[in-house]
**Q** 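Quick one: this structure, given as structure tokens, is what I'll be asking you about.
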Amino acid sequence: MNDKDRRSMPLFSIGIVMKLTELTARQIRYYEANDLIAPERTKGNQRLFSFNDVDRLLQIKDLLDKGLNMAGIKLLLDEEEKEMVTEEVSKKAKKAPANLSDKELRDILKNELNEAGRYGKASMRQGELARFFAKR
DNA sequence: CTTCTAACA
DNA sequence: TGTTAGCA
């Protein structure tokens, strides 16, 4: 079995994930409702998270602190899933949690916008671009 | 006891 | 987001 399989293996209950991510069950479920994560389910309908899910939740928490909203995060994560490109972006977002300057954030977002177009994804409209920045 | 969905004195 | 109700 390779690393990819291991990371995507459904192993943890929401309780474990709560402790691992410092997030409430409410938040975790809410993020799932917004398609930021897609944990597996047991036959009893209980969520089973993979190592990747936990990692993703950590990134989500991070991005949320930086002021991005669900839409913005979803785009970033979607591109990340398409592989490559965001390798550096994700590292930057994950390794520089508490000190990401506005310029860096803008660069990351601009990078994502460019990639989105490169991948034939519908380009964002003005309104959506504005929504990239959350006004909590 | 833990998790789930739905809903809001 | 919190919190609670009523199930499984």
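First the proteins, then the strands, lettered A, B, ... as listed; each starts at 1.
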**Q** Give a yes or no on whether the backbone of A:Lys4 and the side-chain of A:Asn2 come within a donor-acceptor separation of less than 3.5 Å.
**A**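 Yes, because the side chain of A:Asn2 sits within donor-acceptor range (under 3.5 Å) of the backbone of A:Lys4.
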**Q** Just name whichever nucleotide pairs with B:dA9, Watson-Crick or G-U, keeping both distances under 3.5 Å, else none.
**A**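 Here B:dA9 is not engaged in any pair, so there is no nucleotide opposite it.
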**Q** Is there a side-chain polar atom (N or O) of A:Ser13 under 4.0 Å from OP1 or OP2 of B:dT2?
**A**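 Checking A:Ser13 against B:dT2: no side-chain N or O falls below 4.0 Å of OP1 or OP2.
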**Q** Report the distance from atom CG of A:Leu36 to atom CD1 of A:Ile73, rounding to the nearest 0.5 Å.
**A**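 The CD1 atom of A:Ile73 is 5.5 Å from CG of A:Leu36, to the nearest 0.5 Å.
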**Q** Whether A:Glu32 and A:Arg26 form a salt bridge (side-chain N of Lys/Arg under 4.0 Å from carboxylate O of Asp/Glu) is what I want to check.
**A**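 Looking at A:Glu32 together with A:Arg26, the answer is no, because their closest N to O distance does not fall below 4.0 Å.
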**Q** Might you point out which heavy atoms bring A:Asn52 and A:Ser8 nearest each other, and give the distance in Å?
**A**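 Answer, listing the atom of A:Asn52 first, then A:Ser8: OD1-N, 4.0 Å.
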**Q** Between A:Asp62 and A:Gln59 (side chain of the first, backbone of the second, donor and acceptor by atom type, cut-off under 3.5 Å), is there such a pair?
**A**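 Not confirmed, A:Asp62 side chain does not pair with A:Gln59 backbone.
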**Q** What is the distance, rounded to the nearest whole Å, between atom CD of A:Gln27 and atom P of C:dT3?
**A**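 Whole-Å distance recorded here is 11 Å.
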**Q** When the distance from CD1 of A:Ile28 to P of C:dT1 is rounded to whole Å, what number comes out?
**A**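 After rounding, the gap between these two atoms is 11 Å.
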**Q** Run the side-chain contact (heavy atoms from CB on, under 4.5 Å) test on A:Val54 and A:Phe12 for me, step by step, so that the C-alpha distance in whole Å, both residues' side-chain angles and the decisive distance to 0.1 Å come before the verdict.
**A** CA-CA 9 Å; A:Val54 175; A:Phe12 329 102; 3.9 Å; yes
**Q** Does B:dC4 pair with anything, Watson-Crick or G-U wobble, both distances under 3.5 Å, and if so, with which nucleotide?
**A**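 Paired with B:dC4, as far as the under-3.5 Å criterion goes, is C:dG6.
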**Q** What string of B, S and - do you get for nucleotides 4-9 of chain B, 5' to 3', if B is base contact, S is sugar-phosphate-only contact and - is no contact with any protein heavy atom under 4.0 Å?
**A** BB-B--
